[in-house]
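The figures that follow rest on heavy atoms only: side chains count, while hydrogens, waters and symmetry mates do not. Proteins get letters first, then strands, A, B, ... in listed order; numbering begins at 1 in each.
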Amino acid sequence: MRTLLVWLAGALSLAGSSQAALASGWNMPVGVTDLSREIYNLHMTIFWICVVIGVIVFAVMFYSLIRYRHAKGAKAANFHENTTVEVIWTAIPLLILVGMAVPATATLKKMYDTSDAELDVMVTGQQWRWHYEYLGEDVAFTSNMSTPRAQIRGDEPFGENYLLEVDQPLVLPINRKVRFLFTADDVIHAWWVPDFAVKQDTIPGFINENWVRINEPGIYRGQCAELCGRDHAFMPIVVHAMEEDDFDTWLAERKEAAAEEALGVEREWQKEELMERGEAVYASICASCHQPDGEGSPPAFPALAGNQRMLEDREWHTNVIIDGVSGTAMPAFRSTLNPVELAAVVTYTRNAWGNDTGSEVQPSTIAQRLGQ
Amino acid sequence: MWTVIKSVLAAFFGVQKEQQRREDFEQGRPGAFIVTGLVMAAFLVGILAFVAILVSR
């Protein structure tokens with residue numbers, strides 16, 4: 001029996017030193033919401049239950065192995081069954097499992113309770129970027145990874161937030177319940193931000209829900225957590241959590257900008273304006289496949305520079321961007337880009353990299369084509 | 001009837017006395033065990049569904 005106690009003490013001190021490992025970033029984060037803290041505590045409770053079970057089982061096993069070893073003349077007991085022991089070793093795990101299921105179910109219920117949200121954000125996964133829409137606020141934008149290609153190729157040293165930085169972060173208020181509606185345009189993605197304890201599949205044709213109430217302002221980073229194709233690793237998530245007043249100001253500014261953009265559809269645009277806007281849209285949306293120099297990577301992603309069919313047929317070119325090409329990797333951009341952006345990117349691709357068609361498309365033409 | 005129910009419950013739990021098992025195989029009719037098993041499985045599903053509804057309310 002004394003040997004058993006020594007084994008137990010040894011195993012427990014090992015468990016104690018694992019506390020240091022937990023603090024060193026190996027464990028899941030505690031997070032910045034009440035729910036993420038609760039999930040963390042649940043995880044730790046169940047972890048320690050497992051540790052205690054492991055220590056007891058292995059202590060008994062090693063004690064028996066050593067105390068009753070053959071060299072010391074131990075004789076095996078020969079019997080077929082013992083119903084009492086079998087009942088005990090079935091009943092104890094049953095009680096442990098039910099004991100763990102009770103707090104786990106209570107937490108799950110809270111996770112699924114998306115009622116009484118103060119803000120709804122639609123999150124759409126696309127190959128390979130995230131699209132955010134503030135429902136009922138007329139604010140929507142696309143969030144692309146902003147890590148330079150040179151860093152990915154290894155020509156430049158890695159930045160501080162390598163592969164975890166975007167051009168436009170999702171902006172959320174703290175202390176307000178935000179409901180997420182998750183879906184996807186092409187394949188299954190997953191929106192995962194560890195600090196919120198939110199990891200939700202985004203599935204084409206389905207709406208999944210989840211929610212957060214962030215406690216602390218800050219910048220929180222995450223990634224796509226469902227293998228979704230070539231650039232799966234290149235569609236990070238960045239959330240900028242702001243004080244409520246700051247968020248209201250930000251949202252009002254974005255609404256104003258969106259309203260201005262809507263007016264821009266009606267007016268006549270200069271070609272230079274369209275080119276400038278088109279270059280920005282191309283860099284954030286198109287360049288990941290068709291390459292910054294328009295050379296593409298055939299055969300999956302055709303070259304745009306010097307593409308005969310595209311240069312000769314502006315109508316076809318415009319339709320490809322609006323509707324995509326079924327059976328290929330080219331998605332439809334009718335809902336991702338607005339008429340101004342569509343017109344700008346058509347104009348840009350018809351005139352960049354030596355594509356000197358000189359032709360342009362006005363946002364109003366695109367708006368008509370879209371049937372608005 | 002009571003021994004059949006007891007044996008089905010033991011099967012649900014996963015532990016049965018060797019002596020009882022032998023008696024069941026010598027004296028019991030297979031049909032009785034199958035029917036009792038199906039009825040009690042349906043009952044178990046009903047209980048679980050009831051608990052789930054109670055909890056999720």
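The environment of Y112(A) atom OH is sparse: at most 12 non-hydrogen atoms of other residues, nucleotides or ligands sit within 6.0 angstrom. Atom CZ of F206(A) has 12 or fewer heavy atoms from other residues, nucleotides or ligands within 6.0 Å. A 6.0 Å sphere centred on CG of D116(A) holds no more than 12 heavy atoms belonging to other residues, nucleotides or ligands.
E18(B) places none of its side-chain heavy atoms less than 4.5 Å from the side chain of T83(A).
Of the two parts of E86(A), the backbone and the side chain both hold a non-hydrogen atom closer than 4.5 Å to a non-hydrogen atom of chain B. Of the atoms belonging to A106(A), not a single heavy atom falls under 4.5 Å from chain B. At a 4.5 Å heavy-atom cutoff, the contact between T90(A) and chain B is made by backbone and side-chain atoms alike.
For the set L94(A), V87(A), L108(A), T105(A), the entry with the most heavy-atom pairs within less than 4.5 Å of chain B is V87(A).
Going from atom OG1 of T84(A) over to atom NZ of K17(B) covers 8.5 Å, rounded to the nearest 0.5 Å.
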